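Reading through the structure tokens given below for one structure.
If you read the sequence from its start, that first residue is 1, and numbering goes on from there. Quantities reported herein were computed from a predicted structural model and do not represent experimental measurements.
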Amino acid sequence: MKNLVAIVLIALMLSSNFVVAQAVVGDPNQYEASWRLKQVIRDKLNVQERSNPIEFSDIKGSPYLNESFKDGQYFLNGKSQGHFYIRYNVYNDQIEILTDVSPENFNSKTPKYDAFLKSNNSKIILDGKTIKSYYYNDDNGNTTNSYFIEVNTTDKYTLLVRKRCVLTPAEKAATPNQADRAARFTIYDDYYMLDKNEQYPRKIEPKQRKLLKTFPAKADALKDYIKKERINLKEEDDLIKLTNYMSTI
């Protein structure tokens with residue numbers, strides 16, 4: 001934070017494409033302003049039942065990969081722009097940066113912060129992990145970009161994980177013998193494989209049949225390897241082993 005030039009550069013990279021979100025139930029727009037997160041979520045949860053309002057503090061779990069702002073490093077075009085206090089908002093798919101590093105703001109329950117604009121020539125190092133933005137085809141076949149965490153890199157492939165946060169609304173108990181279910185944030189892991197010769201990463205489905213269809217040219221070898229090594233496609237360690245093996249065939 002001591003480098004004034006770096007601060008100005010990062011400020012230029014911050015997302016300015018904020019919109020006021022509509023109070024509807026569904027996935028959040030990726031450009032919803034981070035500072036409006038609590039209000040947006042409260043609106044989404046209360047849109048169907050205003051008589052029984054739900055506050056942000058009532059929601060179990062967290063929309064963040066790391067609740068607190070931590071020291072992280074920002075790179076642009078391969079060059080470090082310095083260290084900053086950042087956190088990963090999985091629900092909004094945003095990397096948030098603390099804009100005021102005074103002790104009062106750092107320890108505040110409502111700190112002042114903004115968000116980096118997604119850029120394919122930038123990366124963030126946080127907690128020893130590399131976070132980068134990639135374009136990919138989502139489950140509906142639409143091309144969009146999102147943050148991915150690099151899990152394992154070989155000379156041919158990079159194993160990536162995309163964190164996905166789902167907000168489940170509260171639910172009243174169906175019978176007196178059951179308890180009400182609180183609203184909850186749940187973070188899921190979707191794994192992808194990036195071939196160094198391809199533009200977009202491919203999603204790794206946790207079922208062997210779908211995996212073999214994703215990589216038809218390597219299907220026979222992968223089938224034998226999965227059986228021999230008892231690979232569990234739901235386990236990250238096994239996916240790392242699979243990435244290493246794919247680089248040899």
Selection residues 75-84 - residue pairs positive for salt bridge (Lys or Arg N to Asp or Glu O under 4.0 Å), sequence neighbours left out:
none
For a side chain to side chain contact (heavy atoms under 4.5 Å, CB included) check, start with the C-alpha distance between N152 and N244, then their side-chain angles and the critical distance, and finish with the verdict.
CA-CA 8 Å; N152 186 43; N244 293 333; 3.0 Å; yes
Is the backbone of Y188 close enough, under 3.5 Å, to the side chain of R164 for a donor and an acceptor to pair up by distance?
no
Do I125 and I97 sit in the same hydrophobic cluster, where Ile, Leu, Val, Met, Phe, Trp and Tyr count as joined when their side-chain heavy atoms come under 4.5 Å apart?
no
For K129, side-chain contact (heavy atoms from CB on, under 4.5 Å) partners two or more places apart
I149
Of all residues at least two apart in sequence or in a different chain, which pass the salt bridge (Lys or Arg N to Asp or Glu O under 4.0 Å) check with D189?
K163
Does the pair Y64 and V90 meet the rule for a side chain to side chain contact (heavy atoms under 4.5 Å, CB included), with working shown?
CA-CA 5 Å; Y64 299 101; V90 181; over 6 Å; no
Do you know which two heavy atoms are closest between R87 and E67, and how far apart they sit?
NH1-O, 3.0 Å
Going through the checks in order, is the side chain to side chain contact (heavy atoms under 4.5 Å, CB included) test met by F185 and K60?
CA-CA 6 Å; F185 287 111; K60 304 296 183 182; over 6 Å; no
Are N66 and D127 close enough that a side-chain donor and a side-chain acceptor fall under 3.5 Å?
no
When every non-hydrogen atom of I86 is compared with those of G72, the smallest separation belongs to CD1-CA, 3.8 Å
Applying ring pair (Phe, Tyr, Trp, His ring centres under 6.0 Å), which residue pairs with at least one partner in residues 149-170 are found, sequence neighbours left out?
none
Residues in side-chain contact (heavy atoms from CB on, under 4.5 Å) with N120, at least two apart?
S133, Y135
side-chain contact (heavy atoms from CB on, under 4.5 Å) involving E198 - partner list, sequence neighbours excluded:
D195, R202
Please answer whether the main-chain N or O of T154 pairs with a side-chain N or O of T158 as donor and acceptor at a distance below 3.5 Å.
no
My understanding is that only one of T143, N142, T144 makes a side-chain hydrogen bond (donor to acceptor under 3.5 Å, both in side chains) with N137; could you say which?
T143
Residues in side-chain hydrogen bond (donor to acceptor under 3.5 Å, both in side chains) with K123, at least two apart?
none
Non-neighbouring partners of A221 that pass side-chain contact (heavy atoms from CB on, under 4.5 Å), sequence neighbours left out
Y245, I249
Apply side chain to side chain donor-acceptor pair (under 3.5 Å) to the pair T99 and D114, showing each step before the final yes or no.
CA-CA 7 Å; T99 55; D114 214 318; over 6 Å; no
Could you pull out the closest heavy-atom pair between S62 and C165, with the gap in Å?
O-SG, 4.1 Å
Short side-chain to backbone donor-acceptor contact, S122 and K118, under 3.5 Å
no
Using a 3.5 Å cut-off and no angle test, enumerate the donor-acceptor pairs between side-chain atoms of residues 222-238 and protein atoms at least two apart in sequence or in another chain.
from : atom 1 : to   : atom 2 : distance (Å)
N232 : OD1    : K234 : N      : 2.9
E236 : OE1    : Y191 : OH     : 2.6
D238 : OD2    : N232 : N      : 2.7

Report the residues that fulfil side-chain hydrogen bond (donor to acceptor under 3.5 Å, both in side chains) with S146, sequence neighbours left out, ordered by chain and then residue number.
D93, R162
Which residues pass the ring pair (Phe, Tyr, Trp, His ring centres under 6.0 Å) test with F148, not counting sequence neighbours?
Y134, Y136, Y192
Provide the full list of salt bridge (Lys or Arg N to Asp or Glu O under 4.0 Å) pairs with a residue in residues 140-156, sequence neighbours left out, each pair given once.
none
Could you report the tightest heavy-atom contact between E205 and K210, atom names first, then the distance?
CB-CB, 3.7 Å
What distance separates Q94 CD from F116 CZ, expressed to the nearest 0.5 Å?
11.5 Å
What heavy-atom pair brings K112 and L98 nearest, and what distance separates the two atoms?
O-CD1, 3.6 Å
Minimum heavy-atom separation for L167 to P169, with atom names?
O-CD, 3.7 Å
Between K196 and T153, does a side chain to side chain contact (heavy atoms under 4.5 Å, CB included) hold up when you go through it step by step?
CA-CA 10 Å; K196 297 297 180 65; T153 299; 3.7 Å; yes
CG (L126) and OH (Y85) are apart, to the nearest 0.5 Å, by 12.5 Å
